[in-house]
Number of protein chains: 2
Amino acid sequence: MDHASPLGGPTGPNALEVLRTSSMSRVVQGEIEKIILSGVYGPGEKLNEKALADRLGVSRGPVREAFQALNARGLVEMIPNRGVFVQQITRHDAVAIYDVRAGLFGTACRLLAERITADQMANLKVLLAQMDAVGARRDLEAYFPLNLAFHTAIVGGVGNRYLADAYSALVSRLQLFRARGLVHGGGFESSNIEHRAIVAALDARAPLGAFEAGYAHVQSGKHRVMSSGDGPEAQI
Amino acid sequence: MDHASPLGGPTGPNALEVLRTSSMSRVVQGEIEKIILSGVYGPGEKLNEKALADRLGVSRGPVREAFQALNARGLVEMIPNRGVFVQQITRHDAVAIYDVRAGLFGTACRLLAERITADQMANLKVLLAQMDAVGARRDLEAYFPLNLAFHTAIVGGVGNRYLADAYSALVSRLQLFRARGLVHGGGFESSNIEHRAIVAALDARAPLGAFEAGYAHVQSGKHRVMSSGDGPEAQI
DNA sequence: ACGATAAATATTGTCAACGATCTACAATTT
DNA sequence: AAATTGTAGATCGTTGACAATATTTATCGT
């Protein structure tokens, strides 16, 4: 099975720009991350240095450097003299990650409530309406990107790089916890109700209410995911 | 000036154990991190690969791998074909980091309020009393470790690895923002009052109140630091 | 046939070297 | 004199090679 296209193929938009701004190891890191998050390797599976290097058309050096970065981001586990393995996220871990994510998302809502612009507010309401419409049709394929855009608009809208980075690091780790599981809908209604509560609090410029709404929303998402079997799937 | 002792010297407890469990690049990473956080290199200063490698008695490979990890942790900035530089934390950045830290610390307090044990509660009260006593004497040297222990007891007491890691990553970054500045006291009283509010909320097992108390405490700390000149110093 | 031991293979950790890129300085031109 | 161009040195990015460690396979003994 093709895990990755050997570099030089249609990897990026234009290889010229990529290779000038980014170093090889950064490209390699992105490729390996895509491979890991795509789920083809499975949690706990070993990542062979030489095999990856050959597949990506580079030597082991850049691969090892990429491993260090991925390890710091919590996507792989490194055991000295043994090798690098895809990080295993247990059910217990996922709960812990969701708790932190809830706190960060709530914080994002709180901070955004203190500084949200009219344009941002309007954008969120548009997304909300679209999600309502799509949710009524139970169209999961269309709902997913809208939901992602909604969350991104909130977390990114704060304009706090450190908040956004920490949040996306948690989301990445959480992606490791859907061991090849299918995406499974359900909970459109409650999710949309929570979204409305968040927007309402933001519209009222109520930091405390916004925090609570955001925190509760992620916690609800945690319960939705956790209550649906061992190898979980949805993230609404 | 001696930036670091060449490995093999009295760096760690016993080099044998360290070298068996940890790889060289991990040791190197720790050494470089200590060097950076010690502040001898100054924000924005360049870290020369060969110079660091020579000083640590290794080749450039492990140093480059350590750089990747430190970059992912936000302690250095890597510019392709230019080099690695100590991350610069501007005043604006520090404010952003404090905001995230406030949210995380508040979340820690909230989660801890839901599960704190009697032993943990007692420990916090002991620390609180000690800080009161030391604060009354205005003994900053003694206050600092107690304050650190108090915060660590809360964040670590939750038992959430991801929360603790994210929090300490922010604290590390924040350390970059005391550009060789002296530690400057002041605010003992307000800080202690806030500590008491946190403990009271935890004792009452009140998640919401605990969050607010923790969040407000870090925000107050932010204002204490930010209001004291450009190159800030204290972190109480 | 099963388990323990030993050789063989594979993989990791580290290093030194090579080409590519950048930086600093001097010579030249306007 | 200021700006620009050209060159020399330093530094970075990558690679291939070697030693150390782990894993697999083969062999031996009970």
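What you see is a predicted model, and the numbers here were worked out from it, not measured in a lab. A note on names: the letters A, B, ... follow the listed sequences, proteins ahead of strands, and every chain is numbered from 1. Every heavy atom of this structure was used, including side-chain atoms; hydrogens, water molecules and symmetry mates were not.
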Original post:
Please give, in whole Å, the distance from C:dT12 P to A:Asp54 CG?
Top reply: 12 Å
**OP:** Search all heavy atoms of B:Asn71 against all heavy atoms of B:Val76 and return the closest pair with its distance.
**Re:** OD1-O, 3.1 Å
Original post:
How far apart are the closest heavy atoms of A:Phe177 and A:Ile89, and which atoms are they?
Top reply: CD1-O, 3.1 Å
Subject >> Minimal non-hydrogen separation, B:Cys109 against B:Phe211, with atom names >> reply: CB-N, 4.3 Å
**OP:** Please state how far atom CG in A:Leu56 lies from atom C1' in D:dT15, giving the value in whole angstrom units.
**Re:** 15 Å
Original post:
Taking CD from A:Glu65 and C1' from D:dT15, how many angstroms apart are they, rounded to a whole number?
Top reply: 12 Å
Subject >> Whole-Å gap separating C1' (D:dG13) and CD (A:Gln29) >> reply: 16 Å
**OP:** Mind running side chain to side chain contact (heavy atoms under 4.5 Å, CB included) on B:Met78 and B:Val84 for me, showing each step along the way?
**Re:** CA-CA 5 Å; B:Met78 303 183 70; B:Val84 175; 4.0 Å; yes
Identify each atom pair where a protein N or O and an N or O of nucleotides 20-24 of chain D are less than 3.5 Å apart, giving names and distance.
unit_1: D:dT23; atom_1: OP1; unit_2: A:Arg82; atom_2: NE; d: 2.5
unit_1: D:dT23; atom_1: OP1; unit_2: A:Arg82; atom_2: NH2; d: 3.3

**OP:** Nearest whole angstrom, please: distance from the P of D:dG13 to the CG of B:Asn48.
**Re:** 12 Å
**OP:** Report yes if a side-chain nitrogen or oxygen of A:Arg64 is closer than 4.0 Å to either non-bridging phosphate oxygen (OP1 or OP2) of C:dG13; otherwise report no.
**Re:** yes
**OP:** Compare the minimum distances between each of C:dC15, D:dG13, C:dT11 and the side chain of B:Arg60, then state the nucleotide with the smallest one.
**Re:** D:dG13
**OP:** Tell me which of A:Gly83 and B:Pro62 sits closer to the 5' end of DNA chain C, going by the nucleotide each one is nearest to.
**Re:** A:Gly83
**OP:** Determine the sole option in A:Arg82, A:Arg55, A:Arg64 for which the salt bridge (charged side-chain N to carboxylate O under 4.0 Å, His left out) test with A:Glu49 is passed.
**Re:** A:Arg64
Subject >> d(CZ, A:Arg26; P, D:dC12) in whole Å >> reply: 14 Å
Original post:
Between D:dG13 atom P and B:Glu49 atom CD, what is the distance in whole Å?
Top reply: 6 Å
**OP:** Please report, rounded to the nearest Å, how far the P atom of D:dC12 is from the CZ atom of B:Phe67.
**Re:** 8 Å
**OP:** Scan A:Gly61 against the nucleic acid and name what it touches under 4.0 Å (heavy atoms): base, sugar-phosphate only, or nothing.
**Re:** base
Original post:
Which one, C:dT12, C:dC15, D:dT15, comes nearest to the side chain of B:Ser59?
Top reply: C:dC15
Original post:
Just how far is it from atom CG of B:Leu111 to atom CG of B:Leu104, taken to the nearest 0.5 Å?
Top reply: 10.0 Å
**OP:** Please state whether the rings of B:His217 and B:Phe105 are parallel, tilted or perpendicular, taking 30° and 60° as the class boundaries.
**Re:** tilted
